[in-house]
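In what follows, residues are counted from 1 in the order of the sequence shown.
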Amino acid sequence: MATKKVNFMCTAFRDGFQSVYGARVLTEDFMPAVAAAREAGITYFEAGGGAMFQSLYFYCNEDSFRMMDRFREVAGPDANLQTLSRGVNIVCLDSASSDVIRLHAQLFKKHGITTIRNFDALNDVNNLIYSGRCIHEAGLKHQVVVTMMALPPGCTGAHDPDFYEKTLRSILDADIPFDSVCFKDASGTSVPAYVYETIKRARKMLPEGTQLQYHTHETAGCGVTAYKAALDAGADAIDLSLSPVSGGTCQPDVIVMWHALRGTEYDLGVDIDKVREAEKVFGECMKDYFLPPEATKVEPMIPWSPMPGGALTANTQMLRDNNLMSRYNEMIAAMSEVVRRGGFGTSVTPVSQFYFQQAFNNVIQGPWKKIAPGYGKMVLGYFGKTPVAPDPEIVKIASEQLDLPPTTKTVLEINDADPKKSIAHFTKMLTDNNLPVNDENVFIAAACQEKGILFLEGKAPLGIRKNVPAKKAAPAAGGAKPDGYTVTVNGKAFAVELKGDKALVNGKEYAVNVVDGLTAAPSAPASASSAAAPASASGAETEIKAAVPGVVLRVNVSEGDAVAEGDELVVLDVMKMETPVVSPCDGMVKAVLVAQTDKVNTGEVLVVVG
């Protein structure tokens with residue numbers, strides 16, 4: 001039997017990491033696995049981009065540009081290194097302006113990338129035109145994308161072969177320069193019969209010799225079947241991963257796909273024994289990392305609530321960070337309504353995050369009581385045109401809560417008119433914080449906002465999860481007192497060191513007087529500089545508490561500041577949403593009990609106003 005060589009991209013070190021660890025992996029921990037994969041004959045790698053670009057700054061205290069440089073060094077000069085980009089969002093928290101989109105392509109070329117896979121979650125081709133041209137003009141290969149998913153059962157109007165054919169036709173008519181085409185299903189929900197028909201039509205539409213690639217996940221249990229359908233319909237390439245980041249929320253494993261294709265006309269062209277050795281090396285590299293149980297299994301609910309593998313574990317990691325994992329099943333169930341009423345954007349970043357953020361809000365704060373900014377702006381048209389019109393009731397609620405009218409302007413029209421999305425604005429962010437101004441730093445500020453500045457200042461927290469047991473401290477010699485104490489108040493831990501009449505609390509010095517025994521509490525509230533919230537015996541002071549768990553992104557006030565009702569006191573990062581905390585009254589700030597990067601729990605006092 002004649003064989004057909006099937007090309008594949010190894011996604012283990014980007015989508016695999018995103019889909020299992022929320023991309024919280026240190027660079028040098030996985031470089032031996034990249035070397036082993038190279039020795040196994042793999043030459044086509046996903047090497048960054050997507051949500052992983054930000055995750056290194058947010059959770060690993062590492063520079064994504066340095067990671068890409070190291071990947072090129074280890075993979076070799078001839079490897080095809082590919083990254084993921086989200087059209088006008090590129091790799092940013094929000095959609096970007098034209099100058100930032102162009103800088104993205106130039107910097108990724110500079111740092112060793114060969115190809116950029118470029119998609120728009122709404123399949124709005126207007127969002128692919130300029131970004132695609134920037135990729136091409138930077139000297140990179142451009143893989144243009146049609147995004148796919150299955151609609152929840154009972155829904156119709158998009159995401160079928162006719163819809164995908166229309167999207168591809170629009171791409172071709174827009175004269176976007178491209179080197180290859182990918183149909184990307186991040187949730188793994190596309191029905192294999194639809195995959196076959198879609199790829200078959202695409203093969204007839206594309207110029208002869210165009211590489212046609214298909215991407216899916218195993219989350220819904222259809223990955224291998226969908227890949228076989230795509231190959232039978234004329235696809236040239238697929239995406240595969242390596243254990244321990246394969247199957248479940250990830251792509252099918254190279255070995256699994258090799259086995260599934262045995263006895264057929266298709267051949268992956270690999271030395272399977274060398275791949276097995278590479279997986280052993282990879283397993284050793286990752287042995288200390290916490291493996292979320294939800295990352296390793298098929299999720300039967302996914303066809304009703306299409307959560308992508310790469311977003312699923314990123315969100316569960318954040319839920320664990322905020323002690324909310326017990327509400328996960330409620331949030332996944334709530335996603336179904338959010339998708340149905342939101343216009344059928346493909347559930348892939350950033351839209352999948354909008355869906356989850358809105359489901360999160362619907363569960364925590366009540367259905368549609370709080371519109372997530374990303375979801376609201378999407379249904380209002382600020383990220384492009386959704387495949388079908390969103391529910392008018394949701395559009396009305398979003399417009400009222402966000403105080404924004406619906407729009408039909410293109411994303412670039414909106415963003416290029418916004419001075420806060422310009423390179424000049426992000427340059428000023430650097431100079432205001434006395435940071436070096438160069439292209440990389442400007443882009444880090446643009447992509448990661450305040451969290452990027454924290455990284456550049458050396459203040460970024462470390463948020464990776466490893467299974468390394470904590471070392472027990474040795475007992476103090478001769479019964480001596482320990483050097484310090486960990487004091488937990490209302491679920492928040494404080495590092496306390498007592499030194500004579502001084503106490504260091506989380507590194508800040510306070511004057512103290514410690515005596516044996518208990519004395520009556522003073523009738524007046526504690527000093528405004530106290531680390532704990534002052535008690536209000538008279539009711540004259542108001543404690544402003546966190547309504548939801550999160551991380552402090554900004555503190556906008558100091559003790560002694562005068563504030564008015566509605567003034568923004570603190571901004572929390574809640575599931576990647578900026579969540580302002582405002583003053584409920586006029587008054588003076590008596591105490592600020594949190595600092596930037598602090599984790600806070602529901603009900604924790606943030607600021608006291610009196």
Side-chain angles (χ1 to χ4, degrees), residues 49-51 53-54 84-105 116-138 142 144-147 158 167 170-171 173-178 184 342-355 357-358 371-390 394-395 398-399 402-426 443 445-449 576-578:
F53 183 85
Q54 296 162 340
L84 188 66
S85 179
R86 314 178 197 118
V88 292
N89 276 69
I90 45 177
V91 293
C92 295
L93 282 171
D94 197 358
S95 56
S97 61
S98 296
D99 51 0
V100 174
I101 291 170
R102 182 168 293 279
L103 182 60
H104 161 258
I116 292 183
R117 174 178 286 174
N118 184 35
F119 73 90
D120 180 65
L122 301 181
N123 280 312
D124 185 339
V125 175
N126 284 324
N127 291 339
L128 297 173
I129 295 171
Y130 181 74
S131 55
R133 288 175 182 164
C134 289
I135 292 166
H136 177 74
E137 290 168 7
H142 178 214
V144 72
V145 176
V146 177
T147 58
T167 303
S170 296
I171 290 171
D173 290 346
D175 200 26
I176 302 171
F178 63 85
K184 174 180 170 65
F344 293 164
T346 312
S347 191
V348 60
T349 306
V351 169
S352 56
Q353 194 63 24
F354 300 159
Y355 287 154
Q357 288 169 343
Q358 190 58 55
I371 292 291
Y375 185 83
K377 292 176 74 174
M378 178 184 71
V379 301
L380 292 171
Y382 285 85
F383 301 133
K385 185 178 180 182
T386 54
V388 301
I394 302 304
V395 173
S399 182
L402 300 182
D403 194 23
L404 285 172
T407 185
T408 57
K409 291 183 178 180
T410 68
V411 180
L412 286 183
E413 282 182 273
I414 296 168
N415 291 351
D416 287 347
D418 185 350
K420 291 185 177 180
K421 293 195 172 187
S422 67
I423 282 182
H425 172 74
F426 299 118
F443 191 78
C448 303
Q449 306 286 329
K576 294 188 179 178
M577 291 182 286
E578 289 197 10

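Side-chain atoms of Q54 do not come within 3.5 Å of backbone N or O of C448 as any donor-acceptor pair. Checking side-chain atoms of H104 against main-chain N and O of V91 turns up no donor-acceptor pair under 3.5 Å. When atom types are taken as modelled, the side chain of T386 and the backbone of F344 share no donor-acceptor pair closer than 3.5 angstrom. In this structure, the side chain of N127 engages the main chain of F383 through a donor-acceptor pair within 3.5 Å. Remark: the backbone N or O of G345 is paired with a side-chain donor or acceptor of Y355 at under 3.5 angstrom. Although no hydrogens or angles enter the test, the distance criterion places no donor-acceptor pair under 3.5 Å between the side chain of D99 and the main chain of S422. Panel note: side chain T346, backbone V348; no donor-acceptor pair is recorded below 3.5 Å.
The minimum heavy-atom distance linking N118 with G132 is given by the pair ND2-N, 3.7 Å. Summarising the geometry of A96 relative to N415, their closest heavy-atom pair is O-ND2, 2.8 Å, with the distance given to 0.1 Å. The minimum heavy-atom distance between A105 and C134, with the atom names listed, is CB-O, 3.5 Å. Here the closest non-hydrogen pair linking S352 and S347 is CB-OG, 3.5 Å. For V411 against Y382, the heavy-atom pair with the smallest separation is CG2-O, 3.7 Å. Closest of all the heavy-atom pairs between V351 and A121 is CG2-CB, 3.4 Å.
Looking at heavy atoms from C-beta onward, F426 lies out of side-chain contact with L103 at the 4.5 angstrom threshold.
Here E413 pairs with nothing under the salt bridge (charged side-chain N to carboxylate O under 4.0 Å, His left out) rule; sequence neighbours left out. With sequence neighbours excluded, the residues forming a side chain to side chain contact (heavy atoms under 4.5 Å, CB included) with N89 are R86, S95, P350, listed by chain and number.
Distance check: K385 NZ to D120 CG gives 13.0 Å after rounding to the nearest 0.5 Å. Distance check, rounded to the nearest 0.5 Å: OH of Y375 to CD1 of I394 gives 5.5 Å. Annotation: the span from R133 atom CZ to D175 atom CG amounts to 7.0 Å, rounded to 0.5 Å. Here CD of Q353 is found 12.0 Å from CE of M378. Values are rounded to the nearest 0.5 Å. The line from NZ of K421 to CD1 of I101 is 9.5 Å long, rounded to the nearest 0.5 Å. Atom-to-atom distance recorded for K409:NZ and D416:CG is 11.5 Å, nearest 0.5 angstrom.
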Please walk me through it: do L380 and T407 pass side chain to side chain contact (heavy atoms under 4.5 Å, CB included)? CA-CA 6 Å; L380 292 171; T407 185; 5.8 Å; no

May I have the step-by-step check of side chain to side chain contact (heavy atoms under 4.5 Å, CB included) for K377 and D94, ending in yes or no? CA-CA 11 Å; K377 292 176 74 174; D94 197 358; 4.1 Å; yes

Show, in sequence, the C-alpha distance, side-chain angles and deciding distance for L84 and F53, and conclude whether the side chain to side chain contact (heavy atoms under 4.5 Å, CB included) test is met. CA-CA 9 Å; L84 188 66; F53 183 85; over 6 Å; no

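Donor-acceptor pairing under 3.5 Å is lacking for the side chains of N123 and T167.
Surrounding NE2 of H425 are more than 12 heavy atoms belonging to other residues, nucleotides or ligands, all under 6.0 Å away.
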